[in-house]
Amino acid sequence: MAKSFLTLAAARRTAYEFSSKTVPGPAIKKILEAGRWAPSTLNSQPWQFIVVKNKKTIGGMVDAAYYGSFHGEPPVIIAIVLPREKYCGGTHRGIVQGRLGAKEALFSIAMPALSISLCATDLGVSSCIFSLDETLLPPGLGIRKGDSVPLAVGLGYEGGKAGDCKFLHSRKPLAKMVHNEKFSAKRAGSG
Ligand SMILES: Cc1cc2nc3c(=O)[nH]c(=O)nc-3n(C[C@H](O)[C@H](O)[C@H](O)COP(=O)(O)O)c2cc1C
């Protein structure tokens with residue numbers, strides 16, 4: 001029987017260390033399908049997915065991760081690209097002259113990142129969503145000037161050498177994030 005969505009959502013957690021075991025092609029295909037069905041601003045689907053398995057490129061991407069290079073290297077990374085034809089990083093909302101501004105573009109690419117990660121969990125594949133310092137992207141990715149790769153998702157199986165940083169997979173209780181009708185800074189813990 002399929003897992004309930006809440007069980008799946010709670011089971012998804014960031015992996016920080018990976019064994020060398022590779023992810024089978026059919027699983028990668030399903031995971032990419034999950035990304036494909038993600039919603040986006042005006043159904044613009046501004047993303048392109050690069051499936052990276054080359055060890056040198058993977059090493060370069062892990063080094064380009066924000067918050068340090070503490071991930072063990074996953075055997076596969078899906079780089080989520082905003083090609084320059086669809087994205088200009090501007091402050092405008094929505095789409096102007098065929099290109100998304102920064103906000104909608106970033107909202108939009110977060111959607112496939114999560115779908116990819118959840119689908120991976122559903123298939124028993126570990127994952128890590130990570131943001132990239134785009135000034136450090138490895139040349140092997142083929143990224144052109146003006147393209148953007150703000151996010152990537154590593155895929156693999158947990159194991160191997162532990163990384164040097166782990167954030168806790170825990171969440172504040174709903175009582176500290178849900179407000180009835182009106183925002184309360186006290187409830188949010190900031191007032
Ligand atoms: C948009 C985004 C960017 C992230 N960037 C990084 C990153 O650069 N490095 C990292 O180790 N984790 C990164 N993470 C993973 C978060 O640290 C992680 O989701 C958070 O600590 C909660 O843990 P969990 O995913 O296990 O529930 C990122 C997650 C998101 C959604």
Side-chain angles (χ1 to χ4, degrees), residues 3-19 23 31-32 34-41 44-50 52 57-82 86-87 89 100-138 141 143 147-178 188-189:
K3 289 186 187 106
S4 81
F5 181 75
L6 275 182
T7 305
L8 181 67
R12 186 220 54 81
R13 65 189 172 90
T14 301
Y16 293 97
E17 54 196 87
F18 293 89
S19 72
V23 183
I31 287 166
L32 290 166
R36 183 169 84 93
W37 281 105
S40 57
T41 298
S44 54
Q45 304 163 65
W47 50 72
Q48 296 288 310
F49 304 131
I50 311 177
V52 184
T57 312
I58 284 180
M61 291 185 74
V62 167
D63 286 344
Y66 272 119
Y67 314 122
S69 53
F70 45 78
H71 291 280
E73 289 180 11
V76 181
I77 293 181
I78 312 289
I80 305 181
V81 183
L82 282 167
K86 291 264 189 182
Y87 168 74
L100 286 164
K103 279 192 180 168
E104 268 76 21
L106 296 176
F107 295 153
S108 294
I109 61 155
M111 303 285 159
L114 182 59
S115 295
I116 283 169
S117 188
L118 285 170
C119 182
T121 305
D122 194 39
L123 296 173
V125 175
S126 301
S127 64
C128 56
I129 299 174
F130 61 99
S131 38
L132 293 146
D133 178 343
E134 296 183 70
T135 64
L136 299 177
L137 287 177
L141 274 181
I143 295 307
D147 295 335
S148 183
V149 191
L151 269 185
V153 188
L155 301 171
Y157 298 92
E158 278 188 284
K161 193 170 160 282
D164 61 8
C165 176
K166 287 184 188 197
F167 295 99
L168 285 179
H169 174 67
S170 62
R171 295 295 187 269
K172 292 183 275 189
L174 275 184
K176 291 200 171 188
M177 59 176 78
V178 177

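None of these values were measured; they are calculated from a predicted model. Just so you know, ligand 1 is whichever comes first in the structure, and atom 1 is the first atom listed for that ligand.
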Acceptor/donor pairs from residues 105-115 side chains to any protein atom, 3.5 angstrom cut, sequence neighbours excluded:
from	atom 1	to	atom 2	distance (Å)
Ser108	OG	Thr41	N	3.1
Ser108	OG	Thr41	OG1	3.2
Ser108	OG	Glu104	O	2.7
Ser115	OG	Met111	O	3.3

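When each atom of ligand 1 is checked for a heavy atom of Tyr66 under 4.0 Å away, the hits are 7 (C), 8 (O), 9 (N). For ligand 1, the atoms closer than 4.0 angstrom to any heavy atom of Tyr16 are 11 (O), 17 (O), 21 (O). Those atoms of ligand 1 with a heavy atom of Arg13 less than 4.0 angstrom away are 26 (O). Proximity to His169 (heavy-atom distance under 4.0 Å) selects the following atoms of ligand 1: 24 (P), 26 (O), 27 (O). Heavy-atom contacts of Leu151 reach the following atoms of ligand 1: 1 (C) (cutoff under 4.0 Å).
In this structure a side-chain-to-backbone donor-acceptor pair under 3.5 Å is present from His169 to Ala10.
Within a 6.0 Å radius of CZ in Arg12, other residues, nucleotides and ligands contribute more than 12 heavy atoms.
Leu8 contributes atom CG, which lies 9.0 Å from atom OG of Ser117 (distance to the nearest 0.5 angstrom). Within the model, atoms CG of Leu151 and CD1 of Ile80 stand 5.5 Å from one another, a figure rounded to the nearest 0.5 Å.
Residue Ile129 places at least one N or O, backbone or side chain, under 3.5 Å from an N or O of ligand 1. Any N or O atom pair closer than 3.5 Å counts here, and Arg12 shares at least one such pair with ligand 1.
Side-chain contact between Val62 and Ile77: present, with at least one pair of heavy atoms (C-beta onward) separated by less than 4.5 Å.
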